[in-house]
Structures are given as structure tokens and as C-alpha cells.
Amino acid sequence: MATHDDHRGRRVPLRWDRHLLGIEPLTAEEITKILDRARVLRHAQITGERPLAGQSVVTLFYEASTRTRASFEIAAQNLGATIVSIASSSSSVKKGETVWDTGRTLAAMEPGAIVCRHSSPGAPHLLAAAAESVGHTAIVNAGDGAHEHPTQALLDAMTLLDRLESLEGRTIAIIGDIAHSRVARSDLFLLTKLGARVLLCGPRSLVPRTLESLGGTIVRDVDDIIPVADAVMMLRVQFERMVGPPPFPSLGDYNRTYGLTVARAERMKSDAFVMHPGPMNRGIEIDPEVADGPTSVVAHQVRNGIAVRMAVLERAVGRGPWAGAS
Ligand code: CP
């Protein structure tokens, strides 16, 4: 069983089969199982099955969110769970309570799962160790700093597979502020595990060379990858995570050099499509006409987020295809 350091540096075991802390530790088979279940649950939203009746799901967000939080809460509601929403700004975090103590406190109330977003990489891992010190609550990472955003990667994969059927041998371009992007890291892990070639592009200081050791291929000129990609994923410039001024002369210059402009989008393969995890900086990394145009699948990504998060919550509490697993 895998282990993790607790708040005193002691090694503690973690239930990787229930927690979802990242894509990196998952196998292609585990990813496929979640995606297969999400496709079934996409229709169960209509049939009204309630596999999480009697369970509660806590959403604990230390950072802002629209899509992830709302879709986890809709997912939990669709499955029949009771939802407890905690924003750090109105919780005992404001009195100085640590992640460890918050985790132990919430887990002592025995919710089925705690869905956590935090600005620090590894915070959900600490929360998982805290939860396991008092009970069996599963932790789901809803984004930890620039580390991972596993459910975003799963919904991205589901969206890609809705169109491409298989990712084996496909070319996916990820363009923009990759250095600050937990989405890029999780997508890189997931897409390469499922056989895709991932091309990364953006300003030199926002596309670290280390990403090549994780399986990505860095391409310096965006115009070299637009015509060869089966899907083009644009990423937001995360101004709020930058120390000092952004590493490009102006927003207009960024748009001209790296943005998915109308002219660039016209050079995509005829059946290629555009993705963006949101929120978008319209007119910077993507032109509004492209974001809302016929090749954009952004709304489809958002919709798939509900089904993926339903599957992840089932896995967290051992329901559906995970019922009876140890
Ligand atoms: N994609 C994403 O994580 O969006 P939110 O920050 O709105 O949850």
C-alpha cells in the first residue's frame, strides 16, 4: 500500500483505490474504468439512480471555482448524496485552523468524500493522511496549486474520446501558460497514458523543459503545431500566480504570438476542435469568435464534468463498479 508523510513527517498508508489525488498514480485501466462509468452515468442523470443516498459529500474550497465546484455539487446531488459546502473564507480556516486539523475534523463526521481545492501542491495528500487518521473518508483533489487537477483531465479525456474514439497515436496540442497549469500536468499524464502525443507550446519561461521528462514534446512556434493537432487545448494565462510582470511585452503581443486567433483556427485540420478548461481570457489566449465558434467543445467539456465527477464520487465511496472492492 502506498504511503504519504503526515503533518509530523511520519509515513502513513493512503487508500489510493478510493482517494483521487492525481492522475499520475493511476493506470490506463483505472482511467478507462472511470471514463466507462462516466459514460453510463451520463444517462443515469436522466434515469434518476441514487447510489449515494445516505452519504454526504463535503466540498472544501480554499480557492475560487465556478465549474469544478458546481459540477461536483450537481454530481453529488444526482447520485442522491447530501452536500455540505465549505468556503475557507467563512470557516475556521479564518481562525488559523490547519489543513491537517480541518481534515481530521471533517473526516470525524464521516462524510463519504471530501472534495478539496487548495493553492498548495500536496494539500489534498495531507488531507487524505488526516482523514485516514480518524476514519475512512475519501479525498478528491479538485486542484492543488500547479500540481494536478485530475477530474479536469478526466473530463477532457472524455470529451476527446467522444470525438476521436481512441487517443492512440492522436496529437493533442496544449498551448499557453503551462508552467502554472495543474490542468496541463494532469492532461499530460492522462493523455500519454492513453497513447496520445502531447505537443506543448507557449512563452519559453511558461513552458519548462522538465515537462519533456513527463512525456510532452515542446514546440516553440505555435504555427507549427496548429495544422497537425487533432485537438487544440488553449490555457489561460494565470496572472494571479505570477511573481512580477508577465514574461511577454503586452497582451496584444501574446495574442499575436500564442493566441488562438480566428486566422490561426482556420489553419487547424478540418476535423480538429478547440478545448479550454476555463475560465478564459477572451482576446488573449483565445479570440471570442473561436471560443464560441463551431469548432469549440468548451460547453461539452463542462457538461462531461458532471458525469466524470459522478463516477469519481462513486469510486470514492465504493459504489457502482467499485462496490465490494477493498
Ligand atoms: N476548469 C476549472 O477548474 O474551472 P474552475 O476554476 O471554475 O473550477
Side-chain angles (χ1 to χ4, degrees), residues 20-24 34-35 38 57-78 83 85-89 113-124 127 139-160 162 172 174-191 202 206 231-242 260 273-282 284-286 290-292 296-313:
L20 180 65
L21 304 178
I23 296 295
E24 192 175 12
I34 295 171
L35 296 176
V57 171
V58 177
T59 54
L60 172 65
F61 277 60
Y62 292 80
E63 270 193 342
S65 167
T66 297
R67 282 145 279 266
T68 310
R69 184 172 185 159
S71 58
F72 262 116
E73 294 185 359
I74 292 170
Q77 195 170 330
N78 286 348
I83 300 142
S85 275
I86 300 178
S88 58
S89 56
I114 300 173
V115 178
C116 175
R117 171 170 289 188
H118 200 286
S119 58
S120 296
L127 204 61
I139 304 300
V140 179
N141 181 358
D144 60 330
H147 179 227
E148 281 232 38
H149 193 347
T151 55
Q152 179 69 45
L154 287 162
L155 75 87
D156 287 343
M158 187 172 177
T159 306
L160 285 160
D162 283 344
I172 314 298
I174 303 180
I175 301 168
D177 178 358
I178 292 167
H180 297 107
S181 177
R182 52 198 175 208
V183 175
R185 283 175 57 87
S186 288
D187 274 333
L188 185 53
F189 289 131
L190 193 157
L191 300 175
L206 296 182
V232 177
M233 186 182 303
M234 301 308 296
L235 295 179
R236 183 171 71 90
V237 181
Q238 299 195 35
F239 296 103
E240 76 278 15
R241 296 195 200 274
M242 290 179 188
L260 190 55
F273 51 96
V274 178
M275 303 173 73
H276 195 307
M280 297 181 206
N281 292 316
R282 287 169 180 262
I284 303 178
E285 74 268 5
I286 188 166
V290 180
D292 301 331
S296 167
V297 296
V298 172
H300 190 61
Q301 286 174 270
V302 173
R303 230 172 277 125
N304 278 342
I306 296 175
V308 154
R309 287 165 178 138
M310 287 170 74
V312 165
L313 289 175

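Values reported hereafter were calculated over all heavy atoms of this structure, with side chains retained and with hydrogens, waters and symmetry mates removed. As the structure lists them, so they are numbered: ligands from 1, and atoms in each ligand from 1.
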**Request:** Determine, using heavy atoms of E63 and all atoms of ligand 1, whether some pair is separated by less than 4.0 Å.
**Result:** no
**Request:** Starting from atom 6 (O) of ligand 1, find the nearest protein heavy-atom neighbour and note its residue, name and distance.
**Result:** R117 NH1, 2.9 Å
**Request:** Establish, yes or no, whether the cationic atom of R117 lies under 6.0 Å from the six-membered ring centre of F61 and within 45° of the ring axis.
**Result:** no
**Request:** Please indicate whether any nitrogen or oxygen in P277 is less than 3.5 Å from any nitrogen or oxygen in ligand 1.
**Result:** yes
**Asked** I175 versus E285: any side-chain heavy-atom pair under 4.5 Å?
**Response** no
**Asked** Is G143 near ligand 1, meaning one of its heavy atoms is under 4.0 Å from it?
**Response** no
**Message:** Which of the numbered atoms in ligand 1 are under 4.0 angstrom from any heavy atom belonging to G278?
**Reply:** 1 (N), 2 (C), 4 (O)
**Request:** Determine, considering heavy atoms only, which of R69, R236, Q301, H149 sits nearest to atom 3 (O) of ligand 1.
**Result:** H149
**Asked** For atom 4 (O) of ligand 1, which protein heavy atom lies nearest, and how many Å away is it?
**Response** R67 NE, 3.0 Å
**Asked** Is any side-chain heavy atom of L155 less than 4.5 Å from a side-chain heavy atom of T151?
**Response** no
**Asked** Which atoms of ligand 1 are found less than 4.0 Å from any heavy atom of T66?
**Response** 5 (P), 7 (O), 8 (O)
**Message:** Could you check whether D162 and H300, counting side-chain N and O atoms only, form a donor-acceptor pair closer than 3.5 Å?
**Reply:** yes
**Prompt:** Ignoring hydrogens and geometry, is there a side-chain-to-backbone donor-acceptor pair from S71 to T68 under 3.5 Å?
**Reply:** yes
**Request:** Please identify which atoms of ligand 1 are closer than 4.0 Å to at least one heavy atom of T68.
**Result:** 2 (C), 3 (O), 4 (O), 5 (P), 8 (O)
**Any donor-acceptor N/O pair, D144 side chain to G122 backbone, under 3.5 Å** = yes
**Request:** Answer yes or no: is there a donor N or O on one side and an acceptor on the other, between the side chain of E148 and the main chain of I23, under 3.5 Å?
**Result:** yes
